[in-house]
Protein chains: 2
Amino acid sequence: MSTAVVSYTLNGRSGVSATTRERVLRVADELGWRPATAARSLRSGPAAAALVVVHDQPFGTRAAFPLDLVTGALQTLGPDTLTLAVHVAESPAGAAQLMDRWWTERRYAAFVVTGVRVDDARLAALRTLPAPAVVVGAVVDGAPATWQHVVLDDGDAFAQLGAFLAELGHRRIAMVAGSEHHVAPVRRSAALAAALVPFGIELRTVAGDGPERAAAALRPLLSASDRPTAIVTDDDATAGLVLDVARRLGLGVPWDLSVVAGTDSPACYLTTPSLTAVPYPVEELGRATGRALRAALSTAASRRAVGVDPTEGEAPPSGTVPVGRLVVRGSTAPPAGG
Amino acid sequence: MSTAVVSYTLNGRSGVSATTRERVLRVADELGWRPATAARSLRSGPAAAALVVVHDQPFGTRAAFPLDLVTGALQTLGPDTLTLAVHVAESPAGAAQLMDRWWTERRYAAFVVTGVRVDDARLAALRTLPAPAVVVGAVVDGAPATWQHVVLDDGDAFAQLGAFLAELGHRRIAMVAGSEHHVAPVRRSAALAAALVPFGIELRTVAGDGPERAAAALRPLLSASDRPTAIVTDDDATAGLVLDVARRLGLGVPWDLSVVAGTDSPACYLTTPSLTAVPYPVEELGRATGRALRAALSTAASRRAVGVDPTEGEAPPSGTVPVGRLVVRGSTAPPAGG
DNA sequence: TTGAAAGCGCTACCAG
DNA sequence: CTGGTAGCGCTTTCAA
C-alpha cells in the first residue's frame, strides 16, 4: 500500500475504496499512528493559533480570564482543525516581539489578543505582519481585513445597569474606574455615563486602577456629605474593596450604599452581602473568539488564493456578544432617603 | 554561499570564519529571516513543552496559577531553547488524551503537570508514554527516570505555622481542608497536623472544598462552645470566607478568632483584617519547573543516546522549593482567654 | 483506484 | 573552512 492512499484516507479525501479506507483506519488505530505535526506543517502550514497573554497584573480574579476564554474557544474549534495555545509575556512589547518572531518562524497561523491597551504595542506589531488576528474586547479603527473583533455588548449592559439604579431612586452615582491604560475599562465607564444622561444623572468617576488607588479614592468619596448612594466598580475585586471600606466607615450595604461589580465572577457571591454585578460571559466570548478565529483564517486563505494583499481593505464588522441580564444580588437597594 | 554555512552560523557551531559568520547574521537580520519551526522540528524534534491545565474550578484566585508558573519557568528557560505552551482541558482524562495525542504527533518534547489529583488520569497516561515530564506539586512514587518533581517545602511551612500558633497560645486549632481529591491539599493538612503533635495539640480538620461546603462546615464549628481559637484554611478564598462567617457570628478577628490562609495571594491583604498567610512562591516554583524541564529533557536525550528504555529506573529526588517565612498580618493574635 | 516521486526548509554528514 | 547532498514525514501531483 502506498503512502498516498494513507494520506488520502486520513484526510478524508475521495478516491479511496471503502475497503481500503477501513483497513487503513484500522491499522492506524492499532498502531496508534498519528501524523507528525512538523511534517504536516512543513507542507500545509501551521494548524495552531496562539494567544499571548500579557501577565503583569497580580491583582484580581480576572487573571484566569485567558483560560476561560480558551475553554470557550475550544468548544467552537474542535481539536482537529486548529489548536489554540496560550503563551505568557511580561509586557505588551514582549508579547509583540514573540508574535513577530513566531510569525516569521511560521509557528502559528494566527494570533489572539486580549486586554488591549491604549496604544498597544501588540496591535502595532500585528499590523506590520500579514497575520490573521482576533482582537478580543476592543474594536480597532482601520484594522486590516484579516482581523476579526469580538466584544461584549457593554452598551446594553450598562444601559441596563443605569436604568436599574435610576429606577431604584439613586441620583448620586459614582464609578470606580478601572485602568485608564486599557481600552475596555475606559469604554465601560463611558457607557455607564452615557446611560445615565437620559435620567439627568451625572456620573462621578474616580480613578481606581489597583487596590491602593481605589482605596485612596474611596475614603474621601464615601466620607463626604454629598457622598454617592450607589457605587459601580469596573471589576469584582474592587467591588469587594468597596464593601470593605464601607464597613470600616460604618456604612451599611445596601441600606446606606449600593454597590455593583462591573464584572461578575464567583467571588461576587462569596461576599456579605453578595454583589449585584454586570454579567461577564467569558466562555461565550471564547466561543465567539473561536468562530472569529476560523473566519480570520479563511479570509486570509481566500485572499492569498486570489493574490490580494491581506493587509488591504477593512476588517469586517465586529462580533458583539450579548451579556444577558444584570445579576441582582444583595448589595443594591433604594437609597436611604429615597 | 551554501545553506550549510548559514545553518552552522545560526546554530552557533564552530567551523565558520568570523567574516562569513558576521555577514550571514547581518543579512539574516536585514531580511528578518528566521528558520521555520516545522522544518527544524522535522529534523531535530520538537523544541517545545506543554502544560495542559485542567480548568474545572472557577472558585478561588489560584486560577491564575498556571500563568504565574509559566512566567517563572520562562525566566530559567530563555526563549531560544524551549518554549512552554499552556493548553486547557476540561478534565484530567481530557488532558491525558491531549498529551497522548500530542506525544504521538511529536508536537511536544515534554509535558508539565500541575494540580495533581489522587489517581490522576494524566499521570497514568504519561506512564504509558516515554515522554519526559515535570510533575509540579506532588511526588509520584515509582516515577520513570525521565520524570522530574517540583514541590513546595510544605513541611517547613506548616512547621513554622504550627509553632507560631502554638506559641501565641492557641490550643484549639482547626483546619478547613482543601479538596480531598487533590494531592497537595491532603499533604498540607497532614503536615499541619504533624507539626502540632509536638505541642500536644490535635488538629481538627473539616472538609472545605468549595465555598458551599466550607460555609456549611464553618457555621457549626464556630458556634460550638469549644470552638477553635484559630482556623487555618488551605487557600486564600476560603480564608476570606472564614472572615465573613466569623463576622456574621459576631466573632472579632483576631481577638476572638485567629485566621490563617494556607496560600498567600494578593487577595490576602485586601481583607479586613489582612490575612496572615503561608507564603506561596509560585514564580519561584516556576523557575524550578524550568530547570526541571531542562533536566528531564537532557535525561531523556542521554538515555536515548545510550539506548536505554527511558521508562526504566527511578526518577531522581524531587526539587524542593523553599517557601520562606510565614507572612504575619492582622488576622492572628493570642487567643482571648490566653 | 492505486503507486511513484517531487518537494516543503532545515540540519548534519562527508568531500573538497 | 566551505559546498554539495541525503533525508526527516508528510501532502499532492501525475501516471499507470
Side-chain angles (χ1 to χ4, degrees), chain A residues 1-48 79-83 101-109 130 297 300-301 304-305, chain B residues 1-48 79-83 100-109 130-131 297-298 300-302 304-305:
Chain A
M1 180 167 314
S2 84
T3 58
V5 180
V6 178
S7 178
Y8 274 31
T9 306
L10 274 102
N11 294 308
R13 292 176 51 146
S14 60
V16 186
S17 68
T19 22
T20 316
R21 153 160 292 142
E22 196 164 332
R23 198 151 66 92
V24 168
L25 290 175
R26 190 168 45 76
V27 173
D29 192 51
E30 268 170 26
L31 267 52
W33 183 88
R34 299 238 83 220
T37 316
R40 174 172 278 197
S41 325
L42 191 56
R43 276 295 296 179
S44 324
D80 292 298
T81 340
L82 190 70
T83 63
R101 181 179 176 155
W102 288 338
W103 177 256
T104 57
E105 288 180 352
R106 279 148 291 179
R107 185 189 284 260
Y108 290 111
L297 247 14
R304 219 177 302 122
Chain B
M1 180 167 311
S2 84
T3 58
V5 180
V6 178
S7 178
Y8 275 27
T9 306
L10 276 103
N11 293 309
R13 293 177 50 146
S14 61
V16 187
S17 68
T19 23
T20 317
R21 155 162 289 144
E22 197 164 329
R23 199 152 66 92
V24 168
L25 290 176
R26 191 167 42 76
V27 173
D29 192 49
E30 270 171 25
L31 267 52
W33 183 88
R34 300 238 81 224
T37 316
R40 172 172 277 195
S41 325
L42 191 57
R43 270 301 286 183
S44 325
D80 291 298
T81 341
L82 190 71
T83 62
D100 181 78
R101 180 178 177 159
W102 288 337
W103 178 256
T104 57
E105 287 179 354
R106 280 147 291 180
R107 186 188 285 259
Y108 290 110
L297 246 13
S298 70
S302 63
R304 219 177 303 122

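Predicted model only: the values in this text are computed from it and were never measured. A, B, ... follow the sequence lines: proteins, then strands. Residue 1 opens every chain. Any value given below was found using the heavy atoms of this structure, including those in side chains, with hydrogens, waters and symmetry copies removed.
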Asks: Quick one: Glu105(B) CD to dT11(D) P, roughly how many Å, whole number?
Replies: 11 Å
Asks: Could you grab the distance from atom OG of Ser44(B) to atom CG of Asn11(B), nearest 0.5 Å is fine?
Replies: 7.5 Å
Asks: Given dT11(D), is OP1 or OP2 found less than 4.0 Å from the side-chain N or O atoms of Thr3(A)?
Replies: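 For dT11(D), neither OP1 nor OP2 has a side-chain N or O of Thr3(A) closer than 4.0 Å.
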Asks: Whole Å only: how far is the CG atom of Asn11(A) from the P atom of dT13(D)?
Replies: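 Asn11(A) atom CG is separated from dT13(D) atom P by 13 Å.
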Asks: Looking only at heavy atoms, what is the nearest atom pair of Arg101(A) and Asp80(B), with distance?
Replies: NH2-OD1, 2.7 Å
Asks: Could you pick out which residue, Leu42(B) or Tyr8(B), lies toward the 5' side of DNA chain D when each is mapped onto its nearest nucleotide?
Replies: Tyr8(B)
Asks: Within the structure shown, what part of the strands sits under 4.0 Å from Ser41(A) by heavy-atom distance: base, sugar-phosphate, or nothing?
Replies: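 No contact.
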Asks: Nearest heavy atom decides the nucleotide; on that basis, is Ala4(B) or Ala38(B) closer to the 5' end of DNA chain C?
Replies: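 Looking at DNA chain C, the more 5' nearest nucleotide goes with Ala38(B).
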Asks: Looking at Thr37(A) and Glu105(B), would you say the former's side chain and the latter's main chain have a donor-acceptor pair under 3.5 Å?
Replies: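 Pair found, side chain donor or acceptor close to backbone of Glu105(B).
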Asks: Quick check: does any side chain N or O of Asp29(A) sit under 3.5 Å from a backbone N or O of Leu25(A), one acting as donor and the other as acceptor?
Replies: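 Checked: no pair found.
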Asks: Examine dG7(C): is either OP1 or OP2 under 4.0 Å from a nitrogen or oxygen in the side chain of Arg43(A)? Give yes or no.
Replies: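 No, Arg43(A) has no side-chain N/O under 4.0 Å of OP1/OP2 on dG7(C).
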Asks: For a quick check under 3.5 Å, do Arg107(B) and Thr83(A) share a side-chain donor-acceptor pair by atom type?
Replies: yes
Asks: Nearest whole angstrom, please: distance from the P of dC1(D) to the CZ of Arg23(B).
Replies: 15 Å
Asks: Between Thr19(B) and Ala39(A), which residue's closest nucleotide on DNA chain D lies nearer the 5′ terminus?
Replies: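 Nearer the 5' end of the strand: Thr19(B).
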Asks: Using whole Å, what does the distance between atom C1' of nucleotide dG9(D) and atom CG of Leu10(A) come to?
Replies: 13 Å
Asks: Under 4.0 Å, counting only non-hydrogen atoms across every strand here, what does Ala36(B) touch: a base, just sugar-phosphate, or nothing?
Replies: sugar-phosphate
Asks: Return the nearest nucleotide to the side chain of Thr20(B); candidates are dT2(D), dT13(D), dG9(D).
Replies: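 Nucleotide nearest to Thr20(B)'s side chain: dT2(D).
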Asks: Checking all strands, does Arg21(A) fall into the base, sugar-phosphate, or nothing category for heavy-atom contacts under 4.0 angstrom?
Replies: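 Here Arg21(A) touches no strand at all.
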Asks: Tell me which nucleotide among dG9(C), dT2(D), dG3(C) gets nearest to the side chain of Val16(B).
Replies: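 The answer is dT2(D).
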Asks: Rounded off to whole Å, could you give me the CZ-to-P distance for the Arg106(B) and dC10(C) pair?
Replies: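 About 20 Å, once rounded to whole Å.
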Asks: Can you see if the side chain of Arg40(A) gets near the phosphate of dG9(D) - specifically, an N or O under 4.0 Å from OP1 or OP2?
Replies: no
Asks: Quick one: Trp33(B) CH2 to dG9(C) P, roughly how many Å, whole number?
Replies: 11 Å
Asks: Any idea which of dC1(D), dC10(D), dA12(C) is nearest the Ser17(B) side chain?
Replies: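 Nearest to the side chain of Ser17(B) among the choices is dC1(D).
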